[in-house]
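All remarks here apply to the structure that follows.
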Amino acid sequence: MSALCRDCALLTDGSPESCPRCGSHRMFAHPELAGLNIAHIDCDAFYAAVEKRDNPAIADQPVIVGHPGGRGVVTTACYIARRYGPRSAMPMFKALELCPQAVVIPPNMAKYKQVSWQIHELLVQATPMIEPVSLDEAYLDLSPGVRRVDRPAAVLLARLALAIERRIGITVSVGLSYNKFLAKFASDRDKPRGFAAVGQAEACALLAPLPVKAIHGIGQATAHRMAMAGIETVGQLQGMPEAELVGRWGKFGKWLALLVRGEDPRPVTPDRPAKSISAETTFDRDIADLAGLARALEGLCARVAARLGRTGLAGRTVVVKLKTADFRTLTRNRRLVHATCRADVMLRHGAALLAPEIDGRHFRLIGIGVADLCPLAEADPPDLFTRLA
Ligand code: TTP
Ligand code: MG
């Protein structure tokens, strides 16, 4: 048996009540913990959590995110509001009947997207194999040889959950298993701020009592047809040989035969790579002079280079973006002979793109990035002089 301290990420043998290093009681013990590598991370009441983070005055109140008014629906209800009944997709008027004291906040998608990206930036430090499912959830492959840090997956996940809490200010629930289906199943078992694992030895028994809809791919219609045939639970499907499942449901039956026994062949598939990587900043006071703008570019180039390094990418085109005081956006770009991931190279080309724009106009924002991405290995070949040296 291994146990994980969820407050200091120590992985220890046995199942102690408290952490031998930090004394925390948030211990998670599981016999297969050290050997499970596929994870699912899901933010808790995501939109509502972001709104509470940004307004501590409502932290202890029931919060519903959604468009107020007659025809609106609930997009997220925080966990306090859920005690009174409101749920996602419920008509707002009904949610407010159940919980009239709720604070209703219209969704701010731009903000949630930004938080989602910040979470992604943390996840990518643990592994490049991240499959985002929506703004607030992703699968991670943390297998040895894939993960960036040679620590057990459970340790990396505890660190990620802590980093998301401390740096971003919201909580997540983590599911750890040996495939995607069970990792997602696990992340839902201990919400909010949860940590759960499903091992090989227990998977079938855990799935057996669940309604058939718990199986990925069984929707309302299939569940209804199964109910007509007297099949209500996953256990009943487990009792059927594969030939019978295929006989009844064709190709889907083959899929069912795997999933009901806790097998899922789908690999974690990283999202399509970004088309460009960039950083930008809005000034407190508009800037018109080259020196001031170039100074801003320097910091931005360092940020872009750091992100390129983390994602293992480089770019063949440098792009500079400027926004004028009267909100006009202009972009200037330059294709390079060799792709780059270096801040100094980006800065040199960035400054060259910037110079012709300095004509007295004031700018409120500057950004720089690289596009036409390629693997890092193809970037910045040593120049002739270095090669000869
Ligand atoms: P979920 O992860 O399903 O829900 P949640 O994060 O609010 O709560 P939890 O995971 O703790 O159960 O969805 C993520 C976000 O997606 C959610 O904050 C709002 C949005 N969403 C909708 O807009 N409509 C919906 O019907 C659902 C379910 C979610
Ligand atoms: Mg969620």
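All figures in this text were calculated on a predicted structure; none of them were measured in a lab. Every number for a ligand or one of its atoms is a count from 1 in the order of the listing. Numbers here are sequence positions counted from 1.
For CD of Gln238, the number of neighbouring non-hydrogen atoms (other residues, nucleotides, ligands) closer than 6.0 Å is greater than 12. In the displayed structure, Arg151 atom CZ is contacted under 6.0 Å by at most 12 heavy atoms of other residues, nucleotides or ligands. With a 6.0 Å radius and a threshold of 12 heavy atoms from other residues, nucleotides or ligands, Lys254 has its NZ atom at or below the threshold.
Contacts of Thr75 with ligand 1, taken as heavy-atom pairs under 4.0 Å, involve both backbone and side chain. Contact annotation for Glu137 and ligand 1: no heavy atom of the residue comes within less than 4.0 Å of the ligand.
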Take Ser187 and Asp42 through the test side chain to side chain donor-acceptor pair (under 3.5 Å) and record every step on the way to the result.
CA-CA 7 Å; Ser187 76; Asp42 191 319; 5.1 Å; no
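Counting heavy atoms from C-beta on, the side chains of Gln61 and Lys52 never come closer than 4.5 Å.
Seen from the ring of Tyr79, Arg82 counts as a face-on cation partner, given the 6.0 Å and 45° thresholds.
Between Arg82 and ligand 1 there is a heavy-atom distance shorter than 4.0 Å. Heavy-atom separations between Tyr79 and ligand 1 include at least one value shorter than 4.0 Å.
Looking at atom 15 (C) of ligand 1, its nearest protein heavy atom turns out to be Tyr47 CE2, 3.9 Å. At the shortest separation from atom 2 (O) of ligand 1 among protein heavy atoms lies Asp136 OD2, 3.0 Å. Of all protein heavy atoms, the one lying nearest to atom 17 (C) of ligand 1 is Thr76 OG1, 3.4 Å.
Among the atoms of Asp136, an N, O or S atom falls under 2.8 Å from the Mg ion (ligand 2). For a distance bound of 2.8 Å, the N, O or S atoms of Asp42 include one lying that close to the Mg ion (ligand 2).
Of the options Leu297, Thr331, Val320, Ile368, a side-chain contact (heavy atoms from CB on, under 4.5 Å) to Leu353 is made by Val320 and by none of the others.
Counting heavy atoms only, Ala45 comes closest to atom 5 (P) of ligand 1 of the residues Ala49, Ser88, Ala45, Ser173.
Residues His40 and Tyr139 place their aromatic rings such that the two centres sit under 6.0 Å apart.
Of all atoms in ligand 1, listed by their number and element, those nearer than 4.0 Å to a heavy atom of Cys43 are 6 (O), 9 (P), 10 (O), 11 (O).
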